[in-house]
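Written below as structure tokens is the structure these notes are about.
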Amino acid sequence: MEEARDFIRQIIDEDIKRGHYGGHVHTRFPPEPNAYLHIGHAKSVLLNYGIAREYGGKFNLRFDDTNPQKESPEFVEAIKEDVRWLGADWEDRELYASDYFEQLYSWAEDLISKGKAYVCDLSPEEISEYRGKPIRDGERIVTPPGVNSPYRDRSAEENLELFHRMRGGEFADGTKTLRAKIDMAHPNLNMRDPVMYRIVHATHHRTGDAWCIYPTYDWAHGQSDAIEGITHSICTLEFENHRPLYDWFLEQLGVHHPRQIEFSRLNLTHMVMSKRLLLRLIREGYVARWDDPRLPTLTAMRRRGYTPEAIADFTRRVGVSKSESVVEYALLEHCVRQDLNLRTPRRMAVLDPLRVVLANYPEGEVEELDAVNNPEDPTAGTRKVPFSRELYIEREDFLEEPPKKFFRLAPGREVRLRYAYFITCHEVVKDDSGRVVELRCTYDPATRGGDAPDGRKVKATLHWVSAAHAVGADVRLYDHLFAAENPTDVEEGQDWTANVNPESLTVLSDCALEPSLAEVEPGQRFQFERKGYFCVDPGSRPGSPVFNRTATLRDTWKKIQSRSQAPS
RNA sequence: UGGGAGAUCGGCUAACGGUAGGCCAGCAGCCUCUGGAGCUGCCUGUGGGGGUUCGAAUCCUCCUCUCCCAGCCA
């Protein structure tokens, strides 16, 4: 069965049919190394890499490092790790716009010589004014044509000399720019003599102090694509306005001209996705770091337990289009559950322990019971789980006064302990404050393994851990970083950070795990039965494991509860 | 205002002049030693008005709404 092709692939199909670019396809992912990658970038990486692979083409990783004040090797390394993790292979093409600085400079000289660029002494504020600001004209707002810079008509010789002196370091930051000479009355503001070079005395993470003038993104990006022989320059919607400018540069230079195709960026409910906003969350301490598992950064999602396969499945399902959209977080969760369901071993872990004593079970006796590692994967085999007189069950699996539809343990009620026995609760022990501290139960020896020979049924099966064998652990539960679907939608005078969910992180430190979980390695994933998917944190240590919850299991009881509690 | 772009079930996305389909979510049921997973069924949609056509989500036209640009950020 053939899958529907997105509009980008349709365009490429057409290009190939018409023999454009010699039938070749060459894509690239062009991040600026000034932040960590997030899942929106993953969509772009996978799109570009996927297209290259499908068409038998090539895929470049190119760092658009034209702003030394914001970029650093730390980000370069982090980005490489994330792209690699996603499975995108750039082979030996780890490239940098900064590698093209000399070529870009020489092309700029060409444009100057042809009278298509000039050195301008206007200040940033003046440039903005000359460009033509929107003016209120009574009811209406009018965008007037721009005004030519007084420096626009310098001779090519003078421009060349000034440009050389700019490179030579003779001028202070911000005092001069090189601008393309296009059209100050152009309806597209990007065409009103855009800046190509600015003076910045800053050390670049790769070129060091070799330069004190740096190309703007607009001047560097298209030409970098051209140099690399990119055929399809896929980018996000906000660059649609710039395409005429990129076309103009390429045409003036007479070089290879990629086809630029814009698609809408990924947005998620309950999440912010811009670098600027993510940076604020970190700087202001709403989250710990770039890899805080509540963030949509790839490093955070990896730490949380997401798999690259789940992310790839997700990006495939959301599709590619030009309409701006917000994808429900639930789809992401669905993808990771579906992946993890098939691949993760099951374990029993009691996150909020309640002691259970089996009055009729021999003291001191321990049985090793067989437990299935993964019902979805017969090859995963079984393991032994110790059972004894004193156990822990989940506190929320018992209610003294069970409401309708609550099938779990309650006074007088019989339930099954998974892979073990049927037990019946006879007595509830409370402390002085009335808190339930222990349950006195009996077990039915005939139900060993979990089946009753007389065929009687129970409505619930609980997970449990033998108290004497339990391994203590920290478990971190995560909820939406923002309770609101759209975090930046705030009332007048409110800052969006007010929407940060104060309960997005819950740290549990008294969890009781089955003993097979004593020795785990960071990054290992498990399904804790009935609770969710969990991943061993990088900070986990032998003997005191730390788990991050990747996602909960779908929980019908929770749903029933919230339905009955929901405000009408 | 000018320029650029977009509007299809609750969400995302197909359909390229010929039965508006899929996935997620939701709902109902079946099944179950995870209230998991799985299975079955249901649900709802072409922004509005005109026009062309045997036939329009698709073509034309007018309108409405939303987003992007006016950095020496990318």
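Letters A, B, ... are given to chains in the order of the sequence lines, protein chains preceding strands, and every chain is numbered from 1. Note that this is a predicted model, so its numbers are computed, not measured.
- For Gln527(A), taking side-chain heavy atoms from C-beta onward, the closest of the listed nucleotides C68(B), U13(B), U34(B) is U34(B).
- No hydrogens or angles were tested; on distance alone, nothing pairs the side chain of Asp555(A) with the base of G35(B) as donor and acceptor under 3.5 Å.
- For His242(A), the listed nucleotide lying nearest its side chain is A74(B); candidates were A37(B), A74(B), U34(B).
- Counting atom types as modelled, Arg317(A) pairs no side-chain N or O with a base atom of U13(B) as donor and acceptor under 3.5 Å.
- One N or O donor and one acceptor, one from the side chain of Arg408(A) and one from the base of G35(B), sit under 3.5 Å apart.
- In this structure, Tyr105(A) and Phe163(A) have parallel ring planes: the angle between them is below the 30° cut-off, well short of the 60° mark.
- Aromatic rings of Trp557(A) and Phe406(A) (six-membered ring for Trp) have centroids within the 6.0 Å cut-off, being under it.
- Rounded to whole Å, atom P of A70(B) lies 15 Å from atom CD of Glu240(A).
- OP1 and OP2 of C72(B) both lie 4.0 Å or more from every side-chain N or O belonging to Thr216(A).
- For the pair Arg525(A) and Phe534(A), the cation does not sit on the ring face, since its NZ or CZ is not both under 6.0 Å from the ring centre and inside 45° of the axis.
- Geometrically, Arg346(A) does not engage Phe528(A) in a cation-pi contact defined by less than 6.0 Å to the ring centre and at most 45° from the axis.
- No donor-acceptor contact under 3.5 Å links the side chain of Glu324(A) to the base of C68(B).
- Side-chain atoms of Glu328(A) lie closest to C24(B) of the nucleotides C24(B), C72(B), A7(B).
- Put simply, His334(A) has a side-chain N or O that comes within less than 4.0 Å of OP1 or OP2 on C24(B).
- Closest to the Gln338(A) side chain, of the nucleotides G38(B), G4(B), C73(B), is G38(B).
- No donor-acceptor contact under 3.5 Å links the side chain of Gln561(A) to the base of G35(B).
- The nearest whole Å value for the distance from the CG atom in Asp247(A) to the P atom in G3(B) is 19 Å.
- With distances taken from any side-chain atom of Arg554(A) to the nucleotides G2(B), G26(B), G35(B), the minimum falls on G26(B).
- Every stem involving RNA chain B, taken as at least 3 paired positions in a row under the Watson-Crick or G-U wobble test at 3.5 Å, is listed here: B:2-7 with B:64-69, B:10-13 with B:21-24, B:26-30 with B:38-42, B:47-51 with B:59-63.
- Within residues 258-270 of chain A, no residue has any heavy atom under 4.0 Å from RNA chain B.
- Closest to the side chain of Ser128(A), from the set G71(B), U34(B), A37(B), is G71(B).
- Between Arg346(A) and U34(B), a side-chain N or O to OP1/OP2 separation shorter than 4.0 Å is absent.
- Using a 4.0 Å heavy-atom cutoff across all strands shown, Arg192(A) reaches no nucleic acid atom at all.
- Note on Asn241(A): a base of the nucleic acid sits closer than 4.0 angstrom, heavy atoms only.
- Counting any heavy atom pair closer than 4.0 Å across all strands shown, Lys275(A) reaches no nucleic acid atom.
- Proximity of Thr556(A) to the phosphate of G36(B): a side-chain N or O atom is located under 4.0 Å from OP1 or OP2.
- Note on Glu228(A) versus Arg28(A): no salt bridge recorded, every NZ/NE/NH1/NH2 to OD/OE distance being 4.0 Å or above.
- Nearest nucleotide to the Arg198(A) side chain, out of C73(B), U13(B), G35(B): C73(B).
- Listed nucleotides A25(B), G35(B), C16(B) differ in distance to Ile560(A); the shortest reach to its side chain belongs to G35(B).
- Residue contacts for Glu529(A): at a heavy-atom cut-off of 4.0 Å it reaches a base atom on one of the strands shown.
- When the C1' atom of U13(B) is taken as reference, atom CZ of Phe7(A) falls 13 Å away, rounded to whole Å.
- One interatomic measurement links the two molecules: NZ of Lys559(A) to P of A25(B), which rounds to 8 Å at whole-angstrom precision.
- Note that the NZ atom of Lys181(A) and the CG atom of Asp193(A) stand 8.5 Å from one another [nearest 0.5 Å].
- Base contact: Asp451(A) has a heavy atom under 4.0 Å from a base atom.
- Among the atoms of the strands shown, only primed sugar atoms or phosphate atoms (P, OP1, OP2) are found under 4.0 Å from some heavy atom of Val320(A).
- Looking at the side chain of Glu376(A), the nearest of the listed nucleotides A37(B), C16(B), U13(B) is A37(B).
- For Asn190(A), whose side chain is taken as the heavy atoms from C-beta onward, the closest listed nucleotide among A74(B), C12(B), C69(B) is C69(B).
- Contact check, Gln10(A) against A15(B): a side-chain N or O comes under 4.0 Å of OP1 or OP2.
- Within the nucleic acid shown, Asn67(A) comes within 4.0 Å of sugar-phosphate atoms alone, with no base atom in reach, counting heavy atoms only.
- Between Leu553(A) atom CG and G36(B) atom C1' there is a gap of 4 Å when expressed in whole angstrom units.
- Residue Trp464(A) forms a side chain to side chain contact (heavy atoms under 4.5 Å, CB included) with just one option from Val356(A), Asp397(A), Ile393(A), and that option is Ile393(A).
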